[in-house]
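Below, chain A is the first sequence line, B the second, and so on; all start at residue 1. Heavy-atom basis, side chains included; hydrogens, waters and symmetry copies ignored.
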2 protein chains.
Amino acid sequence: MQMTTDHLSSTFAALADPTRRAILARLATGEAPVTELAKPFDMSMPAISKHLKVLERAGLIARSREAQWRPCRIEAGRLKEVADWVEEYRRFWEQSLDRLDEYLKELKHKEKNHGRKQRKP
Amino acid sequence: MQMTTDHLSSTFAALADPTRRAILARLATGEAPVTELAKPFDMSMPAISKHLKVLERAGLIARSREAQWRPCRIEAGRLKEVADWVEEYRRFWEQSLDRLDEYLKELKHKEKNHGRKQRKP
DNA sequence: GGTATATTTAACCCAGCGGTTATTTAACCG
DNA sequence: CGGTTAAATAACCGCTGGGTTAAATATACC
């Protein structure tokens, strides 16, 4: 089976824009043509068109053709690559939460004794 | 509890660079000072320094001070935000895999009958 | 203080991004 | 055919990003 080629840079770059993430969020509710995707944004059509091209080149969406409309839909593969990538770091945030948990317990314990406020050194 | 402020744009932007992802990968094995982080790369120190600043401003790493060294470590919070974000789309790739599964079954079934190769239209 | 090491800052360069307006292409409708 | 709608392309603009080299800063060591 083929090693997932490294698309991560273009994927992350595509996801780094709030307009594009909003478009993806909209597409999560179903296919939509360009004009409909454009509606929520105070932005010219060419701008939207460019965003869609970025998403398409990143492999995050696919476009088909229906008469004069170009319905877009989410393409899942690259999103999974992101999920797989970030999964490698899961232990870090779980470990942090563990530490937070410990800290809270410790804090609670100390509170019983006295609530002295800490000062700057 | 506070809604996770939207750091996603800066986080994704920071992750869109392979050098920075490599630095994170290195830091996943433990803290390291700048010069050590720089070693694998054919790149000037200021370039690395800039990458670290991007990661820091994105909240992906934290830097402390030990004598003239500035050891860096991974900061997990933003990575979790990425994981949470992408999790919202999980159904898409799982659904795709379901469809792939169906397709493979169907293909296997057809193979039994005849293996005609498809031609360009 | 003087020097060596680690790291950051400054100043600069060029490519690419995100937006614009104006124009062009494609498809439907009558 | 002509007119309308949907979408993409072209050409342009200002800003940022990622790199460089050279200089500045911070800290240890003698």
For the pair E87(B) and R90(B), evaluate side-chain contact (heavy atoms from CB on, under 4.5 Å) and give the outcome as yes or no after the intermediate values.
CA-CA 5 Å; E87(B) 191 60 26; R90(B) 167 176 296 277; 2.5 Å; yes
Hydrophobic cluster membership, with links at side-chain heavy-atom distances under 4.5 Å among I/L/V/M/F/W/Y: are L55(B) and V82(B) in one?
yes
Any chance you could measure L27(B), atom CG, to Y89(A), atom OH, to the nearest 0.5 Å?
8.5 Å
Are the side chains of T35(B) and M45(B) in touch, meaning some heavy atoms are under 4.5 Å apart?
yes
When you compare the side chain of W93(B) with that of I74(A), does any pair of heavy atoms fall below 4.5 Å?
no
Quick test: give all pairs of protein nitrogen or oxygen and nucleotides 18-24 of chain C nitrogen or oxygen below 3.5 Å, distance rounded to 0.1 Å.
residue : atom : partner : partner atom : Å
dG18(C) : OP1  : R20(A)  : NH2          : 3.0
dG18(C) : OP2  : R20(A)  : NH1          : 3.1
dG19(C) : OP2  : H51(A)  : NE2          : 2.2
dG19(C) : N7   : K50(A)  : NZ           : 3.3
dG19(C) : O6   : K50(A)  : NZ           : 2.0
dT20(C) : OP2  : S44(A)  : N            : 3.0
dT20(C) : OP2  : S44(A)  : OG           : 2.6

Listed partners of W69(A) passing ring-ring contact (aromatic ring centres under 6.0 Å, His included), at least two apart
none
Among residues 26-41 of chain A, which ones have heavy-atom contacts with DNA chain D below 4.0 Å?
P33(A), V34(A), T35(A)
Could you check whether any side-chain heavy atom of L24(B) comes within less than 4.5 Å of a side-chain heavy atom of W85(A), counting everything from C-beta outward?
yes
Salt bridge flag under 4.0 Å for residues E94(A) and R91(A):
no
Considering only residues two or more places apart or on different chains, which pairs with a residue in residues 8-17 of chain B satisfy side-chain hydrogen bond (donor to acceptor under 3.5 Å, both in side chains)?
R21(A)-S9(B), D17(B)-T19(B)
Between I61(A) and L8(B), is there shared hydrophobic-cluster membership here, with clusters defined by ILVMFWY side-chain heavy atoms closer than 4.5 Å?
yes
Along DNA chain D, 5' to 3', what are the outermost nucleotides having an atom less than 4.0 Å from a heavy atom of chain B?
dG18(D) to dA28(D)
Scan nucleotides 26-29 of chain C against the protein and return all N/O pairs shorter than 3.5 Å with their distances rounded to 0.1 Å.
none

Any donor-acceptor pair under 3.5 Å from R70(B) side chain to V34(B) backbone:
no
Is the shortest side-chain N/O distance from K53(B) to OP1 or OP2 of dT9(C) below 4.0 Å?
yes
Of R63(B), R57(B), R20(B), which meets side-chain contact (heavy atoms from CB on, under 4.5 Å) against L52(B)?
R63(B)
